[in-house]
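Remember, predicted model here, so these are calculated numbers, not experimental data.
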Amino acid sequence: LSLYSSPTPETKYVEDPQSQLEEGISRFRHVLEPYTAWWQVEWVSSGSVLSVEVALALGSDFFSEGYEFLQKPPAGFYPRLGVIGFAGIVGLFLARGSKIKKLVYPASLMGIGASLYYPQQAVAVAKVTGTQLYDWSLQGYIAVESLWKDS
């Protein structure tokens with residue numbers, strides 16, 4: 001053994017081949033990249049910025065409350081849920097062909113079914129939706145008007 005020199009290493013790094021599971025997870029992550037990029041953006045809500053951590057904490061509270069609700073549901077909840085879900089399945093059956101129909105028919109039939117069982121909540125949702133649609137149309141009108149005046 002020499003005291004002043006070290007032997008050169010004869011090892012080489014060889015990467016293990018990916019298993020089918022690792023390849024599947026890699027493809028899945030690449031498919032989800034556009035959607036996960038959305039979560040990295042900070043959300044603006046009522047003038048304050050919510051970070052992703054706060055949003056995830058709120059989501060976890062929402063799901064824990066939902067789990068507790070499903071543990072002790074009100075009387076007649078599951079039959080109502082079955083009717084609303086069946087309306088969605090009928091909507092999927094009726095919406096053969098177009099992708100837009102596959103979005104609109106089940107959502108509208110489920111909305112109609114839910115509004116039959118929960119009319120007060122349906123009125124509240126309709127009011128909020130109507131207000132938001134009015135605001136969006138007004139913003140669109142202002143944008144078109146400003147483009148018209150500029151040209």
Side-chain angles (χ1 to χ4, degrees), residues 12-151:
K12 210 188 238 186
Y13 176 74
V14 177
E15 206 171 297
D16 290 334
Q18 285 188 340
S19 67
Q20 289 181 346
L21 176 65
E22 290 173 330
E23 288 177 11
I25 291 173
S26 175
R27 278 182 284 188
F28 182 69
R29 290 180 69 191
H30 286 296
V31 167
L32 291 181
E33 274 181 351
Y35 306 107
T36 56
W38 180 75
W39 284 95
Q40 293 172 357
V41 177
E42 293 183 341
W43 298 322
V44 178
S45 173
S46 67
S48 63
V49 176
L50 293 176
S51 67
V52 173
E53 292 85 14
V54 174
L56 290 176
L58 293 173
S60 117
D61 291 342
F62 173 76
F63 285 114
S64 65
E65 289 174 7
Y67 179 75
E68 290 173 10
F69 177 79
L70 290 176
Q71 291 297 322
K72 297 177 185 175
F77 174 73
Y78 287 119
R80 291 176 181 179
L81 184 67
V83 169
I84 294 168
F86 182 72
I89 292 170
V90 168
L92 279 175
F93 180 73
L94 294 175
R96 291 187 177 177
S98 173
K99 290 183 181 181
I100 294 174
K101 284 182 183 178
K102 288 182 183 178
L103 291 174
V104 173
Y105 283 19
S108 61
L109 287 177
M110 288 174 68
I112 290 169
S115 67
L116 292 175
Y117 286 117
Y118 304 104
Q120 294 171 341
Q121 289 86 349
V123 168
V125 167
K127 285 181 181 178
V128 170
T129 304
T131 305
Q132 286 190 348
L133 284 175
Y134 175 74
D135 290 342
W136 289 342
S137 65
L138 190 59
Q139 289 174 0
Y141 175 76
I142 291 169
V144 169
E145 185 180 36
S146 67
L147 286 173
W148 186 269
K149 286 182 181 180
D150 289 344
S151 61

A.B. asks: For I142, I'd like to know if atom CD1 has over 12 heavy atoms of other residues, nucleotides or ligands within 6.0 Å.
C.D. replies: yes
A.B. asks: Nearest 0.5 Å, please: how far is CG in L92 from CE in M110?
C.D. replies: 9.0 Å
A.B. asks: First locate atom CD of Q139, then atom CG of D135, and finally report the distance between them rounded to the nearest 0.5 Å.
C.D. replies: 6.5 Å
A.B. asks: Could you check whether any side-chain N or O of S115 sits under 3.5 Å from a backbone N or O of I112, counting only pairs where one atom can act as donor and the other as acceptor?
C.D. replies: yes
A.B. asks: Just verifying a value: how many Å separate F93 CZ and F86 CZ, rounded to the nearest 0.5 Å?
C.D. replies: 10.0 Å
A.B. asks: To the nearest 0.5 angstrom, please state how far the OH atom of Y78 sits from the CG atom of L70.
C.D. replies: 4.5 Å
A.B. asks: Under 3.5 Å, is there a donor-acceptor pair between the side chain of S26 and the main chain of E22?
C.D. replies: no
A.B. asks: Within a radius of less than 6.0 Å around CD of E145, do more than 12 heavy atoms belonging to other residues, nucleotides or ligands occur?
C.D. replies: yes
A.B. asks: Got more than 12 heavy atoms from elsewhere within 6.0 Å of CD, Q20?
C.D. replies: no
A.B. asks: Once you round to the nearest 0.5 Å, how far does CG of L21 lie from CD of E23?
C.D. replies: 10.0 Å
A.B. asks: Between OH of Y141 and CH2 of W148, what distance do you get to the nearest 0.5 Å?
C.D. replies: 11.5 Å
A.B. asks: Between R96 and Y105, is NZ or CZ placed under 6.0 angstrom from the six-membered ring centre and within 45° of the ring axis?
C.D. replies: no
